[in-house]
Amino acid sequence: MEILRERFLSLLPRFDIKYKRYFFEQVDFKDKLIGILGARGIGKTTFLFQFLKENNVDLSKKLYISADSIEISNISLFDLAKEFSMKGGEVLVLDEIHKYPEFQRHLKQIYDFLDLKVLFSGSSALRLENAKTDLSRRAVLYRLKGLSFREYLELKTGLNFSSCSISELVNNHMEIAYDVMNHIKPLEYFSEYLKKGFYPFYFENPQTYYNKLEEAINIVIESDLPILFKIEPKNIIKLKKLVKLICMSEPYELNLTKLAQKAGLNRNTLYHYIDYLDKGNLLNILKPAVKGDAIFTKPEKIFLNNTNLNFCYCENQKTGTIRETFVVSQLRNFYHLSYPKKGDLLIDGKYLIEIGGKNKNFNQIKDTENGYVVADDIEIGSGNKIPLWLFGFLY
């Protein structure tokens with residue numbers, strides 16, 4: 001216990017970060033058991049330490065533990081939490097909990113038998129959400145996303161900007177854009193965000209950003225997914241190849257039969273691997289609305305999770321792919337997205353959008369109620385034509 005406390009106290013000064021992300025407004029800290037899900041490198045650990053620093057409980061009654069720490073590899077997590085509670089502990093933070101064997105059983109026991117507030121984080125949404133016990137009845141789960149364009153601008157410039165809902169955006173986009181343009185020229189920053197602005201560690205050292213990003217991706221593919229889904233080591237290279245092939249493909253030209261052949265997979269395995277990569281926060285998938293298990297439902301479009309991954313994986317970028325990937329990355333987890341019969345994207349079954357360059361017209365979505373063109377390379381729109389960059393202000 002003393003070794004864990006010493007490690008916690010040594011880490012605390014490293015997270016003296018003042019900037020608070022959108023996430024702080026969403027989490028209800030009154031709950032007893034709170035789970036924070038999100039991709040590697042997305043800022044979960046920073047969030048946990050910010051919570052620990054701001055919590056009013058005495059420092060002696062708080063403890064941070066990384067679940068993959070060697071110090072707890074042969075210790076019962078419940079017994080450790082029990083000892084902490086018996087010594088007056090009140091707030092326990094467990095980072096990367098999915099690395100601990102049978103974590104759900106231990107969390108259930110901690111919730112049921114100990115008077116502790118517990119925050120835990122994990123990079124695997126699937127393993128946390130589909131725990132075999134009734135953990136979901138006890139824990140409240142939240143999903144932390146990468147930096148929005150708005151958050152990136154705040155960190156880059158030191159200015160503050162308001163977020164907006166999709167309904168506010170489509171109805172008041174001119175006013176929102178004018179307000180931003182009173183302070184900055186958004187297009188001056190947009191290209192850099194698309195290339196390097198999604199993961200917070202960009203601001204630690206921009207020069208080594210892609211090295212760190214590739215390392216984070218490799219950990220997911222080489223370690224996290226094989227452990228969670230029992231993928232044989234010989235097939236790890238096929239997962240990497242699959243990501244590369246998707247990066248090189250246009251979303252609307254994706255041929256799953258050819259993709260399976262190029263990746264060296266049969267069709268059923270391909271569907272499983274696409275689902276795994278989606279759960280690992282490396283892909284975003286658009287499927288038609290279906291009932292029941294949708295794993296074997298043909299995806300209509302497949303994107304990398306965010307545009308930074310495109311620039312990391314592919315030497316040559318397709319402009320249309322980058323635009324669509326950006327919009328989907330800003331909307332996912334907040335709105336229901338589906339692939340429409342016409343247009344590029346249907347949001348919450350209500351807002352139909354067509355994505356393109358500054359000269360994009362309404363031909364493909366004409367005579368459509370709530371149809372909007374989302375145009376790149378414009379600072380401000382008019383009517384039902386909205387600047388692409390503004391979709392980065394949705395959170």
ask   = Heavy atoms, side chains only, cut-off 4.5 Å: are L259 and I246 in contact?
value = yes
key: Listed once per pair and sorted, the salt bridge (Lys or Arg N to Asp or Glu O under 4.0 Å) pairs that draw on residues 357-368, sequence neighbours left out   = E354-K360
request  = Identify the two heavy atoms, one from P13 and one from L9, that lie closest to each other, and give their separation to 0.1 Å.
outcome  = CD-O, 3.2 Å
ask   = Backbone N or O of L33 within a donor-acceptor pair of the K117 side chain at under 3.5 Å?
value = no
remark   = Applying ring-ring contact (aromatic ring centres under 6.0 Å, His included) to F201 and not counting sequence neighbours gives Y199, Y209
ask   = I380 and A177: which non-hydrogen atoms are nearest, and at how many Å?
value = CG1-CB, 4.0 Å
inquiry  = Contact between I347 and L331 at the side-chain level, heavy atoms closer than 4.5 Å - yes or no?
reply    = yes
query = Are K350 and D348 close enough for a salt bridge, meaning some N to O gap below 4.0 Å?
reply = no
task = Take L119 and V27 through the test side chain to side chain contact (heavy atoms under 4.5 Å, CB included) and record every step on the way to the result.
result = CA-CA 11 Å; L119 266 71; V27 177; 5.8 Å; no
key: F190-F326 aromatic ring centre distance below 6.0 Å   = yes
query = Would you say the side-chain atoms of K32 pair up with the backbone N or O of Y111, donor to acceptor, closer than 3.5 Å?
reply = yes
task = Using salt bridge (charged side-chain N to carboxylate O under 4.0 Å, His left out) as the criterion, list what pairs up with K18, not counting sequence neighbours.
result = D16
inquiry  = Applying ring-ring contact (aromatic ring centres under 6.0 Å, His included), can you list everything that pairs with F47, at least two apart in sequence or on another chain?
reply    = F23, F24
query = Can you list the residues that meet the salt bridge (charged side-chain N to carboxylate O under 4.0 Å, His left out) rule with D115, with sequence neighbours excluded?
reply = none
ask   = So, N171 side chain and S167 main chain: donor-acceptor pair closer than 3.5 Å or not?
value = yes
message = With a sphere of 6.0 Å drawn around NZ of K262, does it hold more than 12 non-hydrogen atoms of other residues, nucleotides or ligands?
response = no
key: Partners passing salt bridge (charged side-chain N to carboxylate O under 4.0 Å, His left out) against K342 (at least two apart in sequence or in another chain)   = none
query = Can you check whether L304's main-chain N or O pairs, donor with acceptor, with Y313's side chain at less than 3.5 Å?
reply = no
request  = Check whether the side chains of S66 and D68 place a donor and an acceptor atom closer than 3.5 Å, and report yes or no.
outcome  = yes
query = Can you get from Y22 to L390 by hopping between Ile, Leu, Val, Met, Phe, Trp and Tyr side chains that sit under 4.5 Å apart?
reply = yes
message = Is there a side-chain contact between I217 and V220 in this structure, where contact means two heavy atoms from C-beta onward sitting under 4.5 Å apart?
response = no
inquiry  = Restricting to side-chain hydrogen bond (donor to acceptor under 3.5 Å, both in side chains), what partner residues turn up for N182, sequence neighbours left out?
reply    = none
key: Student check: side-chain heavy atoms of D224 and I219 closer than 4.5 Å   = yes
Smallest separation among heavy atoms of N305 and F198, with atom names = OD1-CE2, 3.8 Å
Flag side-chain contact, heavy atom, 4.5 Å: T208 against N205 = yes
task = Please report the C-alpha distance between I72 and L80 in whole Å, then the side-chain angles of each, then the deciding distance to 0.1 Å, and finally whether the side chain to side chain contact (heavy atoms under 4.5 Å, CB included) criterion is met.
result = CA-CA 9 Å; I72 68 167; L80 189 63; 3.7 Å; yes
task = Quick one: closest heavy-atom pair of L337 and L286, and the distance?
result = CB-CD2, 3.7 Å
key: E324 side chain vs I355 backbone, donor-acceptor pair below 3.5 Å   = no
request  = Consider only side-chain N and O atoms of N266 and N268, and report whether a donor and an acceptor are under 3.5 Å apart.
outcome  = no
key: Donor-acceptor under 3.5 Å (S165 side chain, E168 main chain)   = yes
request  = Could you name each residue pair satisfying disulfide (SG to SG under 2.5 Å) that touches residues 41-79, not counting sequence neighbours?
outcome  = none
request  = May I ask you to say whether K196 pairs ionically with E192, meaning some side-chain N is under 4.0 Å from a carboxylate O?
outcome  = no
query = Is the CZ atom of R7 crowded by more than 12 outside heavy atoms at less than 6.0 Å?
reply = no
ask   = So, Y210 and E215: side-chain donor and acceptor under 3.5 Å apart, yes or no?
value = no
ask   = Charged N to carboxylate O under 4.0 angstrom, D344 versus R323?
value = no
key: Shortest non-hydrogen contact between F362 and K385, atoms and distance   = CZ-N, 4.1 Å
task = Could you tell me which residues satisfy disulfide bond (SG atoms under 2.5 Å apart) with C247, sequence neighbours excluded, listed by chain and number?
result = C314
inquiry  = Measuring centre to centre across the rings, with the benzene-like ring taken for any Trp, is H98 within less than 6.0 Å of F103?
reply    = no
key: Atom NZ of K195 with >12 non-hydrogen neighbours under 6.0 angstrom   = no
message = I'd like to know if the side chain of W389 reaches the main chain of D376, judged simply by a donor and an acceptor atom lying under 3.5 Å from each other, with no hydrogens or angles considered.
response = no
request  = Quick one: list whatever passes salt bridge (charged side-chain N to carboxylate O under 4.0 Å, His left out) with E83, sequence neighbours left out.
outcome  = K87
task = State the CG-OH distance between L147 and Y202, to the nearest 0.5 angstrom.
result = 11.0 Å
Any donor-acceptor pair under 3.5 Å from S85 side chain to K82 backbone = no
query = side chain to side chain contact (heavy atoms under 4.5 Å, CB included) between L309 and N306: does it pass, once the steps are laid out?
reply = CA-CA 6 Å; L309 296 181; N306 59 83; 3.8 Å; yes
ask   = With no hydrogens and no angle check, is any side-chain donor or acceptor of N235 less than 3.5 Å from a backbone partner on K238?
value = no
request  = Write down the atom of Q330, the atom of G392, and the distance for their closest heavy-atom approach.
outcome  = OE1-CA, 3.3 Å
message = Under 4.0 Å between a side-chain nitrogen and a carboxylate oxygen: does that hold for D112 and K108?
response = no
query = Mind checking whether K301 and V328 have side chains closer than 4.5 Å, heavy atoms only?
reply = no
remark   = Between F149 and the options Y395, F161, Y193, the ring pair (Phe, Tyr, Trp, His ring centres under 6.0 Å) test singles out Y193
query = What pairs of residues pass the ring pair (Phe, Tyr, Trp, His ring centres under 6.0 Å) test when at least one of them lies in residues 53-90, not counting sequence neighbours?
reply = F49-Y64
ask   = Do you know which of Q50, E151, E25, E54 makes side chain to side chain donor-acceptor pair (under 3.5 Å) with K20?
value = E54
request  = Look at R105 together with E102 and state whether they make a salt bridge at an N to O cut-off of under 4.0 Å.
outcome  = yes
task = Take I221 and L282 through the side chain to side chain contact (heavy atoms under 4.5 Å, CB included) test and state the conclusion after the steps.
result = CA-CA 9 Å; I221 295 177; L282 294 179; 3.7 Å; yes
ask   = Is it true that atom NZ of K258 has more than 12 heavy atoms of other residues, nucleotides or ligands lying nearer than 6.0 Å?
value = no
inquiry  = Please check this pair: side chain of T307 against backbone of L194, looking for a donor-acceptor N/O pair closer than 3.5 Å.
reply    = yes
task = Only pairs at least two apart or in different chains count here, so list each ring pair (Phe, Tyr, Trp, His ring centres under 6.0 Å) that has a residue in residues 165-189.
result = none
